[in-house]
Amino acid sequence: MNQRTVDTLAEAPQSALSGVARVLVHAGKLNAKVAEDLVKSSKDKRNSFVASVIAAGAVSPADLAHTLSAALALPLLDLSAIDPQRLPRNVIDGKLAAQYQVVVLGKRGSRLFIGGADPTDQEAVERIKFATQLSPEWVIVEHDKLAKMLDLSSASANETLESLSSGDFEFDVTDDVTTPQESNEASSDVEDAPVVRFLQKMLIDAINMRASDLHFEPYEYHYRVRFRIDGELREITQPPIAIKDKLSSRIKVISRLDIAEKRVPQDGRMKLKFGAKAIDFRVSTLPTLFGEKIVIRILDPSSAKVGIEALGYEKIEKDRLLKIIQRPYGMVLVTGPTGSGKTVSLYTCLNILNQPGVNISTVEDPAEINLPGVNQVNVNDKAGLTFSAALKSFLRQDPDIIMVGEIRDLETADIAIKAAQTGHMVMSTLHTNDAPTTLTRLLNMGVAPFNIASSVLLITAQRLARKLCETCKTPADYPREAMLKAGFADHDLDGTWKPFRAVGCSACTNGYKGRVGIYQVMPITDEIQKIILNEGTSMDIATQAQRESVRDLRQSGLVKVRAGVTTLEEVISVTNE
């Protein structure tokens, strides 16, 4: 028999036996009276006929499968020989698969191969065809093995999450009051206990491992979680892909985002409390091919209070910076790529200046760390609250110190410079490679040379390098030529010190633990002002800075290598422009 025979059996008159019952009677496995009783029993109990036959012990699962395969000329598959993890996922809804007791075995073109114990179930075929827009083709499987696989697949996500989230900790997520819409949307799926515990465990682990970001990434056949630790992404775990929507909904609910909106990116925040400590998280969602990727940035307010000594400034660099920020007016610029620690450096300076008699205002996009005593404003472009609009308002608020998250355009630069020229200390950031190129960037924006020369007091460029683990670092032997090529001078290689290399132990990550700043701190001296007024190049400014003993980023990094703080490879990596 073929699929046409199956359809004929399924569509037989209700007065006569049909489907699997008819096949079993014709094959001599059941007599008609027993088959009729089992059909009636299955209807009364709202159970499938196949399940009733197996439960009654009238036919064994293996005998039933072989009989149907032979009678209907359909292939027979032993599910115990199949790895469930290698089967296609998310082709049909899990509830639909459980309702009709089927499992997706494969897909080829427009054909969908489904395994089931009752190939005469025409309703299942039509529902699956409608849901997938594919043509289902039956493969016979044994009922008991199918039921076991379906039970395992439905329980595997929860069991895996339970094992992943095992551990003792106290955790409290601070949720704001949700809107009625959010309350309705937050179904039992969102409050699924294993998902809640798994998310809590990931956040706690990220904090304990000193991660800066968590990445939740869905792909076609798997789902992974990665942490950014010491500037590098590390894969932490691969939870079941079935939990991706539940996890996304849970994160959205506690971040006060629209859980029904999955087509556009969203941004939100959430707060975690454990013990006496509270940590904020910035949440960003992004629609991808196979679901929403979510990145959670950890915003630990204690990072702004570590003190300038802990940031990695050498004494001469620290003294230059502290001297300038105590000035009553002028501009200080911090430069570097995204993730180089600019915000922490600025917050550390603000924390030093934050006194009861000082009025400090900041405008950021967004404000990452809450500083008590500082008036912080978030940019809102849709509402017209831009950097330049906030700056204009600040000047009417009697400020002493103004911090601008980033100078992005000429209008913002002009207002910030005018504020610096009229009795305010202004701090801001720019995305440039080093201190000298920052001045040419302002010129390229259209800022007049005399405005730059008269307002900018100091520029600091920075990078973050991984610190060597003190437990396992080991002396290294580099060729002299390699050391000279990296930037060391002949007199540095006098044999009185040795560089170290990363090894790796249980206390660190590949030989590194934590990060340290590498800085180029360049005061704007009279000579550099003359170069700016004469519209000199960044190369002219860099040459003059070297004459004034300002180390560039590579030279500052080599100081850290000589002190045994980091490796030569790491310095070359972060300063290789």
Side-chain angles (χ1 to χ4, degrees), residues 212-213 228 230-233 282 297 299 303-304 306 308 310-314 316-318 320-322 324-325 331-351 362 364-369 387 403-409 412-413 416 426-445 452 456-467 487 514-524 528 538-539 541-542 545-546 550-561 565-566 570-577:
S212 61
D213 303 85
R228 187 174 293 279
D230 295 337
E232 290 195 341
L233 278 172
R282 191 175 75 201
R297 166 69 56 88
L299 308 174
S303 63
V306 295
I308 196 166
L311 296 183
Y313 284 94
E314 299 297 324
I316 187 171
E317 297 164 347
K318 180 181 71 173
R320 286 171 179 164
L321 179 61
L322 292 178
I324 292 296
I325 66 172
M331 179 180 283
V332 172
L333 296 173
V334 180
T335 73
T338 301
S340 59
K342 300 187 299 295
T343 300
V344 171
S345 294
L346 282 176
Y347 280 163
T348 301
C349 292
L350 291 179
N351 210 44
T362 76
E364 304 164 75
D365 185 21
E368 295 189 350
I369 298 173
F387 280 115
M403 196 268 271
V404 185
E406 182 185 350
I407 293 178
R408 297 177 177 174
D409 51 50
T412 304
V426 178
M427 300 181 183
S428 189
T429 70
L430 277 172
H431 287 89
T432 56
N433 290 331
D434 59 14
T437 57
T438 304
L439 296 169
T440 56
R441 172 67 62 84
L442 291 173
L443 288 170
N444 291 336
M445 277 186 183
I452 299 174
V456 179
L457 301 178
L458 177 138
I459 303 172
T460 173
Q462 64 183 70
R463 299 290 187 276
L464 290 177
R466 291 178 295 171
K467 292 174 65 176
R515 289 193 289 178
V516 65
I518 295 174
Y519 303 93
Q520 178 187 29
V521 180
M522 186 180 79
I524 306 303
I528 292 179
S538 59
M539 187 67 70
I541 297 170
Q546 288 284 314
V550 174
R551 297 191 190 103
D552 62 24
L553 287 166
R554 173 63 63 85
Q555 292 166 340
S556 292
L558 295 179
V559 172
K560 298 290 192 295
V561 173
V565 175
T566 189
E570 182 70 5
V571 168
I572 292 173
S573 173
V574 301
T575 63
N576 191 18
E577 304 299 344

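Bear in mind the structure is a predicted one, so any value in this text is a computation, not a measurement.
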Listed partners of [X] passing side chain to side chain contact (heavy atoms under 4.5 Å, CB included), at least two apart:
X: S556; answer: E317, I518, R551
X: S428; answer: L333, V404, I407
X: L322; answer: I308, K318, I325, I352
X: A367; answer: E364, Q376, N378

Report the C-alpha distance between M427 and V334 in whole Å, list the side-chain angles of each, state the deciding distance to 0.1 Å, and finish with yes or no for side-chain contact (heavy atoms from CB on, under 4.5 Å). CA-CA 8 Å; M427 300 181 183; V334 180; over 6 Å; no

To the nearest 0.5 angstrom, please state how far the [atom1] atom of [X] sits from the [atom2] atom of [Y].
X: E314; Y: K560; atom1: CD; atom2: NZ; result: 4.0 Å
X: L311; Y: L464; atom1: CG; atom2: CG; result: 9.5 Å
X: I324; Y: L457; atom1: CD1; atom2: CG; result: 5.5 Å
X: R515; Y: T566; atom1: CZ; atom2: OG1; result: 11.5 Å

For [X], all residues meeting side-chain hydrogen bond (donor to acceptor under 3.5 Å, both in side chains), sequence neighbours excluded:
X: T412; answer: D409
X: T429; answer: none
X: D552; answer: none
X: T438; answer: T432

Check [X] against [Y] and note the closest heavy-atom contact, atom names and distance.
X: Q462; Y: P337; answer: O-CD, 4.2 Å
X: M445; Y: A413; answer: SD-CB, 4.4 Å
X: P436; Y: S538; answer: CB-O, 3.5 Å
X: V516; Y: G312; answer: CG2-CA, 3.7 Å
X: T338; Y: H431; answer: OG1-NE2, 3.6 Å
X: A465; Y: V574; answer: CB-CG2, 4.2 Å

Backbone of [Y] reached by a side-chain donor or acceptor of [X] within 3.5 Å:
X: R463; Y: V571; value: no
X: N444; Y: T440; value: yes
X: Y313; Y: L321; value: no
X: R320; Y: V521; value: yes

Indicate yes or no: at least one non-hydrogen side-chain atom of [X] is less than 4.5 angstrom from one of [Y].
X: P523; Y: I528; answer: no
X: L346; Y: T362; answer: no
X: Y347; Y: M403; answer: yes
X: L553; Y: N433; answer: no

Salt bridge between K467 and E570, side-chain N to carboxylate O under 4.0 Å?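 A salt bridge is absent here (no side-chain N lies under 4.0 Å from a carboxylate O).
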
Could you tell me which residues satisfy salt bridge (Lys or Arg N to Asp or Glu O under 4.0 Å) with [X], sequence neighbours excluded, listed by chain and number?
X: D213; result: R297
X: E406; result: R408
X: R282; result: E368

Picking from V456, D434, I459, L458, what satisfies side-chain contact (heavy atoms from CB on, under 4.5 Å) with M522?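 With M522 as partner, side-chain contact (heavy atoms from CB on, under 4.5 Å) holds for just one option, I459.
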
Under the rule for ring-ring contact (aromatic ring centres under 6.0 Å, His included), what residues qualify as partners of F387, not counting sequence neighbours?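 Checked F387 against ring-ring contact (aromatic ring centres under 6.0 Å, His included); zero matches.
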
Would T335 and R441 count as a side-chain contact (heavy atoms from CB on, under 4.5 Å) if you check the C-alpha gap in whole Å, the side-chain angles of each, and the deciding distance to 0.1 Å? CA-CA 11 Å; T335 73; R441 172 67 62 84; over 6 Å; no

